[in-house]
Amino acid sequence: MASDAATLEVPGPHGTRQMRVSSPSRVLWPDLGITKLDLARYVVEVGDAFVRANGDRPVSLQRFAEGIDGEQFFSKNPPKGVPDFVRAVPVVYPSGRSHPQLVIDEPAAAVWAVQMNTIVFHPWPSRAENTDNPDQLRIDLDPQPGTDFDDAIPAAIELRALLAEVGLEAFINTSGNRGLHVFAPIEASREFLDVRHAVIAAARELERRMPKQVTTAWWKEERGERIFVDFNQANRDRTMAGAYSPRALAHAPVSCPIEWSELESVDPRALTVLTVPARLVSSGDPWQRMGEKPGTIDALYGWWERDLANGLGELPFPPDFPKMPGEPPRVQPSRAKHPES
């Protein structure tokens, strides 16, 4: 009979820590039999790359007390019992309220989050010491019904070229589901609304270049069989699954950084909790140098101002966000919910 707890030795910048994992045999992914202890071991195995991608950032924890098929909830404030070596920083939410959020500075902190039943990690695009100014421009390429991962590939390639035109180096990872996430490191000199507007400008330009393949339409009914460029992921307190974070899907996929050279051949379903550690050992971390040469959003913001002058204004914010200057009437993603609109 399995013990009630296991102990993992977790190396890190301050030496090896002994981390306790209770209920180690609890099955999190039933189809594969992956347990809580397996997940903790995964986090240790990818620890350096995981911390490099997600560390020194406020992070929200998506927690599942009974595995991926059970109830889930998000922890934004640090859960009770945070170890002394795990810190938190205050962040300001769209409501204007300020609360602390956990920061992962070493693999042992991620193991502790797994101990607290975390499966998906959602880091902010800003650093712990400057939470109001993102240092990453993030663009989510989201396949709509009738499209799939393969349809997102041409959009990602064109987006990379577009960002290069404005001096930004793009990095890419699989979302862990059907889409792709494109990141570009930027100087942490502008606040969230400016970065959102830069993303909208890039999205609109991509839509102009690929009108049959991509869309910025907020209404689901207007998107068609195209790739939705989700500009609302650029908002304060909107996050995506972090690099190397598992996803709560039956085949235990991972949101995994990849090289641009492998984009057209990679099978995102093959990048899982069971396979990614060996991939890291054999191929290295495609995001190893992420952030070494940040660019600016100045050129993209110039595109935003050009579009404003041409009559293109703000795009809708999510319904749970406060009204912003210049925002059109508040909408939901589906017109079916608002037939009068």
Side-chain angles (χ1 to χ4, degrees), residues 2-3 5-57 59 61-64 67-68 83 85-86 102-123 171-177 181 241-259 262 266-290:
S3 63
T7 300
L8 288 181
E9 292 190 351
V10 185
H14 306 291
T16 298
R17 299 191 190 275
Q18 305 291 319
M19 299 302 299
R20 181 178 181 273
V21 180
S22 62
S23 304
S25 60
R26 178 184 295 153
V27 176
L28 302 182
W29 283 273
D31 288 1
L32 300 176
I34 298 174
T35 66
K36 185 177 179 181
L37 182 59
D38 293 330
L39 176 57
R41 287 172 172 157
Y42 164 81
V43 170
V44 175
E45 290 172 328
V46 302
D48 289 343
F50 182 94
V51 172
R52 189 161 48 242
N54 305 299
D56 192 34
R57 302 178 182 280
V59 63
L61 308 178
Q62 190 175 356
R63 299 164 62 189
F64 298 74
I68 65 167
F85 67 87
V86 179
L102 194 75
V103 178
I104 292 175
D105 291 318
E106 58 178 284
V111 172
W112 177 79
V114 169
Q115 160 62 12
M116 300 303 292
N117 301 312
T118 301
I119 289 179
V120 191
F121 296 79
H122 297 263
F171 293 77
I172 192 165
N173 70 311
T174 63
S175 71
N177 197 351
H181 296 162
Y244 299 106
S245 171
R247 301 300 304 272
L249 299 172
H251 62 291
V254 168
S255 177
C256 188
I258 59 175
E259 299 284 359
E262 60 183 326
V266 72
D267 177 5
R269 291 185 60 86
L271 303 173
T272 73
V273 168
L274 300 177
T275 64
V276 167
R279 169 187 162 86
L280 259 179
V281 171
S282 63
S283 303
D285 179 11
W287 284 15
Q288 177 80 39
R289 59 186 183 84
M290 165 81 90

Exercise. Heavy-atom distance under 4.5 Å between the side chains of Ile68 and Pro30, does that happen here?
Worked result: yes
Exercise. Any sub-3.5 Å donor-acceptor pair from Ser283's side-chain atoms to Leu280's backbone N or O?
Worked result: no
Problem set entry | CA sep, side-chain torsions, deciding dist, call: Glu45, Phe50, side chain to side chain contact (heavy atoms under 4.5 Å, CB included) | CA-CA 9 Å; Glu45 290 172 328; Phe50 182 94; over 6 Å; no
Exercise. Is there side-chain contact between Glu9 and Thr7, with heavy atoms separated by less than 4.5 Å?
Worked result: no
Problem set entry | Student check: side-chain heavy atoms of Val59 and Asn54 closer than 4.5 Å | no
Problem set entry | Any Leu274 side-chain heavy atom under 4.5 Å of Ile34 side chain | yes
Problem set entry | Nearest atoms (heavy-atom pairs only) where Ala108 meets Arg17 | CB-CD, 3.7 Å
Exercise. Are any side-chain N or O atoms of Arg63 and backbone N or O atoms of Met116, one a donor and one an acceptor, separated by less than 3.5 Å?
Worked result: yes
Problem set entry | Worked check of side chain to side chain contact (heavy atoms under 4.5 Å, CB included) between Leu8 and Leu37 | CA-CA 9 Å; Leu8 288 181; Leu37 182 59; 4.1 Å; yes
Problem set entry | Heavy-atom side-chain proximity of Asp285 to Val46 below 4.5 angstrom | no
Exercise. What closest approach, in Å, do Asp105 and Val51 show between heavy atoms, and which atom pair accounts for it?
Worked result: O-CG1, 3.6 Å
Problem set entry | Donor-acceptor contact below 3.5 Å, side chain Ser245 vs main chain Phe121 | yes
Problem set entry | Euclidean distance, His181 NE2 relative to Ile258 CD1, rounded to 0.5 Å | 11.5 Å
Problem set entry | Asp38, CG: over 12 other non-hydrogen atoms inside 6.0 angstrom | yes
For this session: Spell out, as yes or no, whether a donor-acceptor pair under 3.5 Å connects the side chain of Thr118 to the backbone of Leu61.
Result: no
Exercise. If only atom types and distance count, is the side chain of Glu262 paired as donor or acceptor with the main-chain N or O of Glu259 below 3.5 Å?
Worked result: yes
Exercise. Do you know the tightest heavy-atom contact between Pro257 and Arg279?
Worked result: O-NH2, 3.2 Å
For this session: Could you name each residue pair satisfying ring-ring contact (aromatic ring centres under 6.0 Å, His included) that touches residues 7-43, not counting sequence neighbours?
Result: none
For this session: Work out which heavy atom in Asp31 is nearest to a heavy atom in Ala250; give both atom names and the distance.
Result: OD2-CB, 3.5 Å
For this session: Look at the side chain of Arg20 and the backbone N and O of Ala5, then say whether any donor-acceptor pair between them is shorter than 3.5 Å.
Result: no
Problem set entry | Beyond-backbone contact of Leu32 with Val273, side-chain heavy atoms, under 4.5 angstrom | no
Exercise. Shortest non-hydrogen contact from Val254 to Thr174?
Worked result: O-OG1, 3.5 Å
Exercise. Taking side chain as C-beta onward, heavy atoms only, is Val276 less than 4.5 Å from Tyr244?
Worked result: yes
For this session: Begin with the C-alpha distance, continue with both residues' side-chain angles, and end with the deciding distance and a verdict on side chain to side chain contact (heavy atoms under 4.5 Å, CB included) for Met19 and Val114.
Result: CA-CA 11 Å; Met19 299 302 299; Val114 169; over 6 Å; no
Exercise. Under a 4.5 Å cut-off applied to non-hydrogen side-chain atoms, are Glu106 and Trp112 in contact?
Worked result: no
Problem set entry | Closest non-hydrogen atom pair between Arg247 and Ser255, with its separation | CG-N, 4.4 Å
Problem set entry | Donor-acceptor under 3.5 Å (Gln115 side chain, Ser22 main chain) | yes
